[in-house]
Amino acid sequence: MLLDRVLEGVPSGDTPLTFAADIPARPSSMSEWPAWAHPSLVRTLQENGIARPWSHQAAAADLAHNGTNVVVSTGTASGKSLAYQLPVLTTLATKPRATALYLSPTKALGADQLRAVISLIDPEDELRSAYPCEYDGDTAMETRHWARENSRWLFTNPDMLHISLLRTHQRWAHFFRNLAFVVIDECHSYRGVFGSNVALVLRRLRRIAARYGADPVFVLASATTADPGVAASRLIGAPCAEVVEDGSPRGPRTIALWEPPLMRDSTGENGSPNRRSADSEAARIMADLVVEGARTLTFVRSRRSAELTALTTKRLLGGVDSELAARVASYRAGYLAEDRRELESALANGTLLGAATTNALELGVDIAGLDAVLVAGFPGTVASFWQQGGRSGRRGQGALVVLVARDDPLDTYLVHHPSALLDKPVEATVTDPSNRYVLGPQLLCAAMELPLSNTEAEEFGAVDLLGELAEQGLIRRRTNGWFVTAGTNPHAALDIRGGIGAQVAIVVAESGRMLGTVDAGRAPATVHPGAVHFHQGESYVVDELDLEQGLALVHSEDPDWTTSALETTEIAVTAVLEQKLFGELEVALAEVEVTHQVTGYLRRHPSGSILDAVELEMPVQTLPTRAVMYTITPELLLKAGVPAERVPGALHAAEHAAIGLLPLVAACDRGDIGGVSTALHADTGLPTVFVYDGHPGGAGFADRGHTEITHWLSATREAIVSCECTIGCPSCVYSPKCGNGNDPLDKDGAIRVLTSVVTALG
């Protein structure tokens, strides 16, 4: 058994395994081919080894063929693609003018799906006229022209739909006039501000299609997630049926949860204990598995981690067998396409036994036959964990899946509460298309594409917002609707991926090479002078940040430290949206104004210890957003054993842990949210804890936390209690982005505060 082999390599005295369970195999459930399916397509699928469709494939395909919007939400490797390939290709073959649009969140996934569709087309029959073609930012200009004139199935992404197809819809009139299907792949990845923007882009798409007389059917594919039908309906702005019963077979799996032990000879910030890193622990486990001949994939959180984990595994194997070391590689975005295909082929055929990868291999790429998957750090959602774990055992054989916990409160909670992973997914996809900071720019784009009628403005609930845009000179109202003013270019100004403000270019000063961009709102905390910036495994140090010019100049350097910003944060309540009193506890959802100022940064050694603090003078930034908040009376705190002098540290620690656990109930990343705690807040007059969305107007995460506050804060308390440290550490109450240097923090006080809160909530 692979898990036994891994445990043999554990040093004596360490007990990293917190849970293990065997999940039995699941038999398949088959259906007959739909009578309406094109015979040539069915024949090709049968020749490719698909004798009959699984039940969920046939059910979703039938709904789509009959004109019903549908989302199919089943596990990894369950063949969701067939659910849209059948109705789309059949329609394209039988209706010579019909067109279809495929949207994916990543170019790599779109390219994989395009290849799969091309392989199904027989050049000798009606399917040959579908002319499926890619259309993204990397597509050559001559190919774009050909696609616009000839392709009947376009493979693109929401970004290109927004910036190109919708903006120039007149040039695509024949395509939109005949649009029969819109396929939205991996739709669970559209969440937060990005998801809210995509939801509005899809409403603009439906509006343009209707202008040309089309009413396309939407077919969505999603990982297993909570309420997929509700989420899909909110995304496309129209009712959507769901298919969730998975008819595909699955081999038996062993699921193991692994918590790296605390290091006895190393301390971090403020004397807190350090754990062995998830990446180095995963490298050791992968080396043990490769020695056993097990094909193993290790998911890590960054490109740099992918490189370092592969190198560490190679080094460990080098002491055993140099030939084995050569059979391990890293895989990440940023590689050339031919290099990625070579790695995929080598991993699939067994030439490679091990690979460390970012989530570049999570979506769509069909690699079968893996014996084990290691997940170094919870990937943010239960859906992503199963997407990654589902890469193992993909041909029905047994497999091992190991989650290796990072120094993070959510990871700590999950490895000690396995039901949160193994039972029904607890998070839901969060989008909020009504967010005025998202809706405003989208309305300008819609009005430039087609003037907005007064009726449409009322349907959007945006009459007041349009009035504000008119006062800014961006749009004007006439008797027959709303028109964008001359010289306005709203499409180019809108980053649908959810940036805050304009973009700051990160440029190497010596060569002028552009490394990438960062949102202006996050730039002071991430690319301030002296900051260490990582790009594709290389490190750089920032020399200058010019927010007015949108430029951060860097030079190549490999310092023996990392940096984290120090900042002051103040929060003011501008409106209380909902509130409820629970005795001496009050919970509320509020509109707030958050004021940030970066005041300096810490330089940290890789061990976590602080080398020094450097002062900075950076501009003040203001963020209008939404927050979930609770107040607790001093009397209740005193009864809980938290006297006045301990209140700041107790609330601060509870706030940090709550930020770390919010992704348990809202599909967000820790970086999407922030928090403030204070022993006496000016607006409440009481000890108060806020957790707010890090995007203008909010992204729906605070709202979700407010709805699930009892579950969320109960889990937060359990995560702190479960951690084996005594005074607090990064696994429970320390935050890697704390603007106050994680001081003061009171772990015991946080447990007492949260116990009182959860008890009051009932």
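Position 1 is the first residue of the sequence, and the numbers go up from there.
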Closest non-hydrogen atom pair between A420 and L664, with its separation:
CB-CD1, 4.3 Å
Of all the heavy-atom pairs spanning D408 and G660, show the shortest one and how long it is.
OD1-O, 4.3 Å
What I'd like to find out is whether the side chain of P409 reaches to under 4.5 Å of the side chain of T716, using heavy atoms alone.
no
Do C732 and T412 come close enough that some side-chain heavy atom pair is under 4.5 Å?
no
Flag, side chain of S280 to backbone of S277, donor-acceptor distance under 3.5 Å
yes
Indicate yes or no: does R301 engage D279 in a salt bridge with an N to O separation below 4.0 Å.
no
For side chain to side chain donor-acceptor pair (under 3.5 Å), just list the numbers for Q597 and Q621, CA-CA rounded to whole Å, side-chain angles, deciding distance to a tenth of an Å, and then say yes or no.
CA-CA 6 Å; Q597 184 176 24; Q621 295 180 300; over 6 Å; no
Apply side chain to side chain contact (heavy atoms under 4.5 Å, CB included) to V628 and F701, showing your working.
CA-CA 9 Å; V628 53; F701 305 134; over 6 Å; no
Residues E708, R704; criterion salt bridge (Lys or Arg N to Asp or Glu O under 4.0 Å); working and verdict:
CA-CA 6 Å; E708 297 285 340; R704 182 69 180 173; 3.7 Å; yes
Taking only Lys NZ, Arg NE, NH1 and NH2, and the carboxylate oxygens of Asp or Glu, determine whether R626 and D693 approach each other closer than 4.0 Å.
no
Kindly indicate, with the supporting measurements, whether the criterion salt bridge (Lys or Arg N to Asp or Glu O under 4.0 Å) is fulfilled by D746 and R752.
CA-CA 10 Å; D746 183 340; R752 293 173 181 271; over 6 Å; no
Indicate yes or no: at least one non-hydrogen side-chain atom of I632 is less than 4.5 angstrom from one of S756.
yes
Is the closest side-chain heavy-atom distance between L585 and Y630 below 4.5 Å?
yes
According to the interplanar angle, ranging from 0 to 90°, do the rings of Y190 and F194 count as parallel (below 30°), tilted (30 to 60°) or perpendicular (above 60°)?
perpendicular
Answer yes or no: is there a donor N or O on one side and an acceptor on the other, between the side chain of D703 and the main chain of A627, under 3.5 Å?
no
Output yes when a side-chain donor or acceptor of H417 lies under 3.5 Å from a complementary backbone atom of A719, and no otherwise.
no
If I take atom OG1 from residue T622 and atom CD from residue E593, how far apart are they, to the nearest 0.5 angstrom?
5.5 Å
Do the non-hydrogen side-chain atoms of L566 and L602 ever get within less than 4.5 Å of each other?
yes
Nearest 0.5 Å please: distance from the NE2 atom of H533 over to the OG1 atom of T562.
14.0 Å
Greater than 12 external heavy atoms within 6.0 Å of E570's CD:
no
Report yes if the side chains of D558 and Y540 come closer than 4.5 Å at any heavy-atom pair, otherwise no.
no
Evaluate whether atom CD of E645 has more than 12 neighbouring non-hydrogen atoms of other residues, nucleotides or ligands under 6.0 angstrom away.
yes
pair I727-K747: side-chain heavy atoms closer than 4.5 Å:
no
Side-chain contact, heavy-atom cut-off 4.5 Å: S189 with P105?
yes
Using the benzene-type ring in the case of Trp, are the ring centres of H695 and Y437 under 6.0 Å apart?
no
Cation-pi between R604 and W561: NZ/CZ under 6.0 Å from ring centre and within 45° of the ring axis?
no
